[in-house]
Amino acid sequence: MEIDIPKVYEPQKVEDKWYDYWLKHNLFSSTPRRSRQPFSIVIPPPNVTGILHMGHALNNTLQDVIIRFRGMQNYNTLWVPGTDHGGIATQNVVEKLLLAEGKTRHDLGREKFLERMWKWRKESGDIILSQLKRLGCSLDWSRTRFTMDDVCSRAVRHAFVELYNRGLIYRGKRLVNWCPRCQTALSDIEVEHEEEEGKLWHIKYPLKKPKKGGVSFIVVATTRPETMLGDVAVAVSPGDKRYENIVGEVIVLPIVNREIPVIEDEAVDPAFGTGAVKVTPAHDPTDFDIGARHKLESIVVIDTQGKMTKDAGSYAGIDRYAARKAVLGDLALHGLLLETTDHRHAVGRCYRCNTVIEPLISEQWFLKVEDMSRRAMEVVEQGKIKFYPDSWKGPYLSWLEKLKDWCISRQIWWGHRIPVYYCGGKGAPKKAKDKRDSSCPPIAAVDRPTSCPECGGTVIEQDTDVLDTWFSSALWPFSVFGWPVDKTGANQAAAGAADSDYYYPTAVLVTGHEILYLWVARMVQMGLQLRGDVPFREVFIHGIVRDKNGKKMSKSLGNIIDPLEIMNKYGTDALRFSLAQSAAPGRDMQLSDDSFISARNFANKIWNASRFVMMNIKNSDWQPGFLAVWPLELADVWILSQYRLLVKDVTDALAGYNIDTAARLLYEFFWSKYCDWYIEIAKIRLNGQDPETRRAALSVLLEVLAGTLRLLHPIMPFITEEIWDSLVKFKESSEDRPVSIMKYPWPEADQSKVDTVAISKMELLQEIVTAVRTIRSEMNVPPGKSVSIHLNVNPLEQQVFSGEGAGYLKQLAKAQEILVGESLPRPAQSAMAVVSNVQLFVPLAGLIDLEKEKQRLLKEHKNAGMELERCKKNMENADFMKRAPQAEVDKMRQRMADAQLKIERIGENIKFLE
RNA sequence: GGGUAGUUAGCUCAGCGGAAGAGCACUCGCCUCACACGCGAGUGGCCGCAGGUUCAAAUCCUGCACUACCCACCA
């Protein structure tokens with residue numbers, strides 16, 4: 001046989017070729033067409049600092065599977081690529097580079113620093129996007145967006161102004177999470193809480209006038225003694241018996257000697273510590289609220305650098321942790337430090353640099369979330385957005401329920417500058433000192449105003465803060481389509497519609513659960529508020545990739561598996577298949593080399609089966625356009641039935657985001673049914689002399705292979721395209737056939753054509769083949785040696801073992817002779833088995849080990865005995881007979897009959913051996 | 001402190017009301033004219049623990065124990 005296809009699939013040789021080919025034929029681009037139903041996805045934009053890691057590989061493989069699947073179902077699919085500027089994270093990277101030169105961003109100044117940022121962004125830029133090409137992602141590159149490009153920036157400014165005008169954005173002096181290292185405020189969700197071992201210090205606060213009963217002090221417990229310098233009260237739980245005489249009294253704050261009151265507040269838990277809390281509104285969220293309730297002053301003792309302020313008296317200028325030590329020392333000196341206990345508590349840290357967060361009072365911009373949250377909850381409750389898996393609905397709702405106003409301003413430089421302008425006042429000096437002090441109201445505007453609408457002054461300065469990077473991310477599902485200006489955008493087709501209307505809402509958002517709140521919930525809020533509709537109809541939430549020890553992959557742990565390395569080693573399709581197979585919805589996954597090897601082997605199996613089919617076609621009189629019109633036999637009907645079941649199951653699985661199920665079904669069908677059984681059976685006709693039956697076998701081989709390749713294509717695009725390219729020539733002679741497998745329709749199958757009778761006949765034959773093979777293997781029959789098979793079968797079922805059935809047994813069990821009867825005698829020196837209600841003998845004169853055979857039969861006998869017992873127990877149970885469905889009772893009766901027969905037959909044989 | 005998910009063969013995981021499954025690993029036999037990245041056969045499980053529901057439970061319910069993750073202003 002002529003062999004011109006390599007025996008081993010070599011992914012490296014074909015992947016680049018096909019990706020270029022797809023691009024050349026514009027297969028990933030989409031234009032709005034009213035006549036076609038859109039199916040759009042926007043990529044979760046990776047940070048510009050990023051390189052492809054396994055999480056990206058998983059996330060984007062899943063999106064590509066979905067988009068290719070829907071494309072083959074003839075939706076007008078669009079997958080939009082892009083990157084995120086990444087705010088603090090990206091600025092930190094460049095600041096680190098500067099540090100290496102001994103400089104800070106302040107040395108350069110805002111303008112020069114931003115130049116540097118853009119330069120760096122340009123250089124490192126979109127590496128990750130080119131890596132996505134390597135992954136095979138079918139993204140429409142002509143639409144690549146960046147959160148800080150002109151289109152997205154305009155959307156951000158517009159969104160801000162609109163929200164401001166609706167009264168949803170406001171400026172206020174509040175207690176915010178401050179990162180002393182990043183020098184900026186953070187939102188609540190950007191603070192990561194970690195349990196740490198800490199101390200709880202008990203401090204004596206003396207009363208100004210000791211009570212008659214001898215009470216002269218109150219003891220407070222704190223984890224942060226340095227903040228006592230900013231204490232303005234001591235609070236106890238309302239009605240706490242221990243302190244009822246002290247409430248309303250005055251305390252002289254140690255060290256500072258400030259007089260502060262003892263108050264009652266429901267925020268105090270009487271069971272914790274001493275039941276008395278020092279109140280520091282300027283440096284603790286709870287205390288801030290207590291302060292507000294009791295109209296207390298806020299005394300700021302820690303500044304933005306994490307150093308003590310002048311209000312900290314003698315501690316002014318020293319670091320917050322040094323101040324802690326000093327304060328404790330001074331308290332101890334005066335005998336005011338009573339007790340120190342170990343105390344585990346949660347410490348908030350910056351999610352970007354891990355520095356301990358300092359709650360500080362600061363003037364910031366906030367977004368009112370109450371109304372937006374309510375609406376974002378409603379759409380999920382009403383099913384306008386569906387979660388896959390559904391279990392994420394709960395966490396999503398409860399997070400929104402508790403959400404507080406979002407601090408959206410950041411004191412960094414890399415980002416969208418807040419589009420608010422301050423007037424320096426009429427006839428003001430050229431440079432206003434503090435723009436915010438102007439008597440004119442601030443101006444929120446999409447474009448910089450030339451003069452103040454209030455006073456006509458022309459000295460106008462923009463707010464120096466930038467927006468939280470997640471603000472622009474929240475607009476992503478519509479900013480990428482040019483909202484709001486570009487309703488008749490550059491991509492509009494003559495007969496089409498505006499992108500922004502056609503592709504929005506997007507079909508599905510695919511993401512890991514780690515950014516459900518940070519990103520997903522906010523897109524819903526913004527979409528509803530600004531577009532009046534949900535940003536996506538479905539959310540597919542997948543797990544996190546972990547290493548083989550269950551640890552999250554991270555650079556610092558050094559347990560990263562580099563997807564590029566895997567692609568180089570095993571091929572992109574192997575990586576994709578492996579990820580797809582592990583992607584059980586909502587479950588984290590552990591990856592190891594084994595799973596990649598197994599996927600690579602599967603790719604090779606596909607390769608070789610296809611190679612087999614094509615080689616056989618080449619060596620025949622096959623003509624393109626031949627169809628399966630020849631008489632089909634049992635195995636054909638069987639594999640076609642199995643294939644039809646597969647089509648339905650795979651389609652359902654993909655539509656329900658059960659990508660793992662789809663992958664497993666395909667693997668199982670292709671390897672264990674198509675290759676292990678159907679190809680082996682087809683060989684009988686392929687090697688035979690009859691051209692007509694050979695063509696019949698070839699046509700079924702080809703049809704099922706072609707269908708399976710199309711089902712596999714979304715998961716394994718490269719190998720399926722490579723094989724399709726050769727295979728399709730045997731299917732269609734036309735020269736103007738579609739350019740790619742992805743342009744062929746997704747398979748559909750009529751379930752009414754599934755032949756369950758053929759399936760059970762084949763299953764019986766398969767079981768008999770396995771039984772004979774087991775005998776051969778256990779009795780050490782040389783693989784090359786033929787045997788005879790004697791079958792005792794019920795007359796009604798003998799037909800299965802005549803004709804083609806007998807042929808299958810001969811081929812698959814290496815038998816030269818099949819004898820079928822009703823009560824054939826046991827041949828001398830033979831091994832036997834019972835399958836269903838069929839008894840079979842394999843004569844093995846000279847080969848059989850009688851003792852071994854006896855042991856084997858005894859084991860079978862025992863198993864059948866246990867089976868019989870189980871059945872009997874049910875059959876003798878009146879409740880079972882009465883309450884179980886008739887089908888179950890029938891099944892049980894059949895099982896019992898089979899077991900009885902088996903015991904009987906095997907029993908006879910064991911006696912015979914003795 | 002409150003959630004959510006998980007606990008099935010040595011490992012990684014399917015199955016989620018009617019006879020315990022796959023891949024890898026292991027044992028035995030095979031270079032059988034698609035594939036040794038392969039073929040055939042086999043060993044291996046009180047389906048985390050304790051109750052309950054049911055004719056029937058790995059599967060549903062309730063506790064408990066671990067494991068992981070998320071959320072939380074007990075100083």
Side-chain angles (χ1 to χ4, degrees), chain A residues 1 3 5 7-9 175 189 193 200 220-224 227 235 267-269 271-274 276-280 284-290 343 345-346 348 359 389 391-392 394-395 398-399 402 513-514 516-517 543-544 546 548 550-552 570 574 581-582 584 586-592 594-595 597-616 660-661 664 667-668 671-672 675-676 679-680 683 687 770 773-778 780-784 812 814 867 870-871 874 877-885 887-889 891-892 895:
Chain A
M1 190 181 284
I3 294 179
I5 307 170
K7 281 171 85 160
V8 172
Y9 173 57
L175 193 72
I189 200 173
H193 291 93
L200 192 61
V220 299
T222 181
T223 54
R224 300 201 57 196
T227 63
V268 180
D269 175 1
F272 185 89
T274 60
V277 188
K278 55 189 274 316
V279 181
T280 323
D284 183 276
T286 314
D287 294 5
F288 183 83
D289 293 343
I290 296 178
H343 179 58
H345 64 137
S391 53
W392 282 104
S398 64
W399 186 75
K402 285 182 286 189
H513 53 69
E514 74 274 18
L516 179 65
Y517 311 127
I544 309 271
R546 301 175 179 284
K548 61 175 186 294
K551 291 245 164 61
K552 195 166 167 175
Y570 302 112
Q581 199 183 23
S582 316
R587 285 203 54 178
D588 290 354
M589 63 201 70
Q590 289 179 227
L591 287 175
S592 66
D594 286 350
S595 72
I597 290 170
S598 158
R600 182 264 260 131
N601 294 351
F602 181 48
N604 197 241
K605 190 75 180 176
I606 298 167
W607 181 255
N608 276 292
S610 306
R611 183 166 153 258
F612 170 82
V613 172
M614 289 192 278
M615 286 193 308
N616 275 284
D660 60 322
T661 307
R664 250 192 315 276
Y667 184 100
E668 214 272 329
W671 202 312
S672 310
C675 291
D676 286 353
I679 284 184
E680 294 307 317
K683 282 176 181 172
N687 296 333
T770 302
R773 282 171 173 174
T774 303
I775 288 170
R776 295 184 60 116
S777 181
E778 302 249 314
N780 297 317
V781 178
L812 299 174
K814 188 113 183 132
E867 165 78 354
R870 270 200 301 269
C871 295
N874 278 317
N877 182 339
D879 284 329
F880 173 78
M881 299 303 284
K882 201 165 62 193
R883 296 185 193 234
E888 282 307 320
V889 177
K891 233 190 274 175
M892 192 62 66
R895 272 173 59 189

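Here is the naming used below: chain letters follow the sequence lines, and residue numbers restart at 1 for every chain.
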Quick one: label [X] by what it contacts on the DNA or RNA (base, sugar-phosphate, nothing), any heavy atom closer than 4.0 Å.
| X | value |
| --- | --- |
| A:Cys675 | base |
| A:Tyr517 | sugar-phosphate |
| A:Thr770 | sugar-phosphate |
| A:Val268 | base |
| A:Arg773 | sugar-phosphate |
| A:Asn877 | sugar-phosphate |
| A:Gln581 | nothing |
| A:Lys814 | nothing |
| A:Pro885 | base |
| A:Thr222 | sugar-phosphate |
| A:Asp289 | nothing |

Looking at residues at least two apart in the chain, or sitting in another chain, which of them share a ring pair (Phe, Tyr, Trp, His ring centres under 6.0 Å) with A:Phe612? none
Figure out the [atom1]/[atom2] separation between [X] and [N], and round it to whole Å.
| X | N | atom1 | atom2 | result |
| --- | --- | --- | --- | --- |
| A:Asn687 | B:rA34 | CG | C1' | 12 Å |
| A:Arg776 | B:rG42 | CZ | C1' | 16 Å |
| A:Phe288 | B:rA75 | CZ | C1' | 17 Å |
| A:Glu888 | B:rA56 | CD | P | 14 Å |

Quick one: salt bridge (Lys or Arg N to Asp or Glu O under 4.0 Å) partners of A:Arg883, sequence neighbours excluded? none
Could you pull out all residues at least two apart from A:Arg224 that satisfy salt bridge (Lys or Arg N to Asp or Glu O under 4.0 Å)?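 Partners of A:Arg224 under the salt bridge (Lys or Arg N to Asp or Glu O under 4.0 Å) test: A:Glu226, A:Glu358.
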Where are the stems of RNA chain B, defined as at least 3 consecutive Watson-Crick or wobble G-U pairs with both distances under 3.5 Å? B:1-7 with B:65-71, B:10-13 with B:21-24, B:26-30 with B:38-42, B:48-52 with B:60-64
Donor-acceptor pair (no angle test) under 3.5 Å: [X] side chain, [N] base:
| X | N | answer |
| --- | --- | --- |
| A:Arg895 | B:rA19 | yes |
| A:Glu668 | B:rA14 | no |
| A:Lys605 | B:rC35 | yes |

Residues in side-chain contact (heavy atoms from CB on, under 4.5 Å) with A:Arg664, at least two apart?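 Once residues adjacent in sequence are excluded, the partners of A:Arg664 under the side-chain contact (heavy atoms from CB on, under 4.5 Å) criterion are A:Gln581, A:Asp660, A:Thr661.
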Please identify each residue that fulfils side-chain contact (heavy atoms from CB on, under 4.5 Å) with A:Pro782, with sequence neighbours left out.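 With neighbours one apart ignored, the set is A:Lys785, A:Leu847.
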Is there a side-chain contact between A:Ser610 and A:Tyr9 (heavy atoms, below 4.5 Å)?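 No, their side chains stay 4.5 Å or more apart.
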Using the C1' atom as the point on both nucleotides, what is the distance between B:rA25 and B:rA19, in whole Å? 27 Å
Is A:Asn608 reaching over with its side chain to a backbone N or O of A:Lys7, donor-acceptor style, under 3.5 angstrom? yes
Could you tell me whether the phosphate oxygens of B:rC55, OP1 or OP2, come under 4.0 Å of any side-chain nitrogen or oxygen in A:Arg883? yes
Among B:rG29, B:rC69, B:rA75, the one nearest A:Pro783 by side-chain distance: B:rG29
